[in-house]
Amino acid sequence: MSNFIRNLSILLMLPVIGIAVAGCDSPEPTSDTSLSNTSPTSTSPTSTSEFSAQSSDAPAPATNDVKTIQVDYAGFEEQIKKQNGKLVVVDVWSTGCPPCMREYPNLVALSSRFADQVVCISYNVDYIGLKSKPVESYLPKVGGFLAKQKSFNVVNLISSEADSDVFEKLEIASIPVIMLFDREGKLIKKFTEANSGEDGLSYESDIIPAVEAALK
């Protein structure tokens with residue numbers, strides 16, 4: 001009798017043991033993984049964060065690079081001579097001149113509006129002549145501004161001579177200064193704050209009318 005009871009007890013315990021063994025191989029992790037891989041709408045916060053980081057660190061497209069040319073004053077004059085047959089507008093500016101930077105988008109607009117008849121030249125004079133701060137040190141800031149303005153159709157010059165030397169050779173006391181040259185490279189007019197309208201030097205009131213008149 002005692003053997004019968006012992007055997008019966010063992011038979012009753014077998015389902016419990018089976019359940020315990022089955023629980024060790026729980027399918028839940030596999031099931032969750034399968035669902036996350038097949039669901040078209042599920043997005044992991046971690047994967048989104050990683051994608052954003054990769055996107056922000058990616059190099060800028062080559063089209064965002066604006067070509068710049070370092071020139072001394074002789075090089076600047078040569079650039080004007082190269083444009084024979086077209087009107088030339090030269091904008092003398094620096095990143096330390098708020099009025100210059102405010103009007104700069106209008107130079108870019110002009111370069112597109114009269115692309116077949118007018119050459120627009122950007123003449124940056126940020127460099128002040130210090131050996132401890134060579135002209136190359138200004139390139140990131142100047143280039144960044146030009147890229148932001150999408151100055152692709154403009155001849156972008158950066159002076160390798162100190163701004164004071166450029167001012168002396170251009171016979172100007174300050175900037176902004178915008179110059180208009182005829183098709184033979186002769187200076188038509190040098191626009192400054194002193195000889196502009198009451199609201200100050202601007203493309204709308206000073207440069208555009210002069211360009212239109214010169215094209216007639």
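Atom set for the values below is all heavy atoms of this structure, side chains included, hydrogens, waters and symmetry mates excluded. In this text, all values refer to a predicted model and were calculated from it rather than measured experimentally.
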Does Val108 share a hydrophobic cluster with Val90, counting links as ILVMFWY side-chain heavy atoms below 4.5 Å and allowing steps through other members? no

Are Asn84 and Arg183 packed together at the side-chain level, in the sense that at least one heavy-atom pair is separated by less than 4.5 angstrom? no

Kindly give the heavy-atom pair with the smallest separation between Lys86 and Asp116, and that separation in Å. CE-O, 3.5 Å

Check: Ile208 and Arg113 side chains under 4.5 Å, non-hydrogen atoms: yes

Gln83 (side chain) donor-acceptor with Gln79 (main chain) under 3.5 angstrom: yes

For the pair Asn156 (side chain) and Ser151 (backbone), establish whether a donor and an acceptor sit closer than 3.5 Å, ignoring hydrogens and angles. yes

Side chains of Tyr104 and Ser122: is there a donor and an acceptor less than 3.5 Å apart? yes

Answer yes or no: is there a donor N or O on one side and an acceptor on the other, between the side chain of Asp126 and the main chain of Thr95, under 3.5 Å? yes

Does atom CD (Glu168) have a neighbourhood of more than 12 heavy atoms from anything else shown, all under 6.0 Å? no

Non-hydrogen side-chain atoms of Phe167 and Val125 separated by less than 4.5 Å: yes

With a 4.5 Å cut-off on side-chain heavy atoms, are Glu204 and Asn106 touching? no

CD1/Ile80 to NZ/Lys186 distance, rounded to the nearest 0.5 angstrom? 14.5 Å

On a heavy-atom basis, the closest approach of Met101 and Ser94 is CG-O, 3.8 Å

Close side-chain approach of Ile207 and Leu180, heavy atoms under 4.5 Å: no

Please check if Val92 and Ile128 belong to a single hydrophobic cluster, counting links between Ile, Leu, Val, Met, Phe, Trp and Tyr side chain heavy atoms closer than 4.5 Å. no

dist Lys67:NZ -> Leu146:CG (nearest 0.5 Å) comes out at 13.5 Å

Could you check Leu110 against Tyr203 for side-chain contact (heavy atoms from CB on, under 4.5 Å), going step by step and ending with a plain yes or no? CA-CA 9 Å; Leu110 180 64; Tyr203 277 82; 4.1 Å; yes

ILVMFWY network linking Phe181 to Ile178, side-chain heavy atoms under 4.5 angstrom: no

One should read off an interatomic distance between Asp72 CG and Glu78 CD, to the nearest 0.5 angstrom, of 10.5 Å

Do the side-chain N and O atoms of Asp165 and Tyr127 include a donor-acceptor pair separated by under 3.5 angstrom? no

Got Leu215 and Phe114 here, is their nearest side-chain heavy-atom distance under 4.5 Å? yes

Kindly give the heavy-atom pair with the smallest separation between Ser159 and Val135, and that separation in Å. O-CG2, 3.4 Å

Got a sec: does the CD of Gln117 have more than 12 other heavy atoms crowding it under 6.0 Å? yes

Working to the nearest 0.5 Å, report the span between CD1 of Ile158 and CG of Leu139. 5.0 Å

Quick check: is Trp93 connected to Tyr123 through a chain of hydrophobic side chains (ILVMFWY, heavy atoms under 4.5 Å apart)? no

Residues Val119 and Val155: closest non-hydrogen pair is CG1-CG2, 4.1 Å

Closest non-hydrogen atoms of Asp182 and Leu87, given as atom of the first, atom of the second and distance, are CA-CD2, 3.7 Å

Evaluate whether atom CD of Glu171 has more than 12 neighbouring non-hydrogen atoms of other residues, nucleotides or ligands under 6.0 angstrom away. no

Is Pro176 close to Cys97 at the side-chain level, that is, under 4.5 Å between some pair of heavy atoms? yes

Sub-3.5 Å donor-acceptor pair from the side chain of Lys190 to the main-chain atoms of Leu170, do we have one? yes

Exceeds 12 heavy-atom contacts within 6.0 angstrom, atom NZ of Lys81: no

Quick check for you: to the nearest 0.5 Å, what is the distance between Asn124 atom CG and Asp163 atom CG? 10.0 Å

Heavy-atom pair of closest approach, residues Gly200 and Ser196: C-OG, 3.3 Å

Does Gln70 use its side chain to pair, donor to acceptor, with the backbone of Ser160 at less than 3.5 Å? no

Same cluster for Val71 and Phe145 if Ile/Leu/Val/Met/Phe/Trp/Tyr side chains link at under 4.5 Å? no

Does any N or O in the side chain of Asn195 come within less than 3.5 Å of the main-chain N or O of Phe191, such that one atom is a donor and the other an acceptor? no

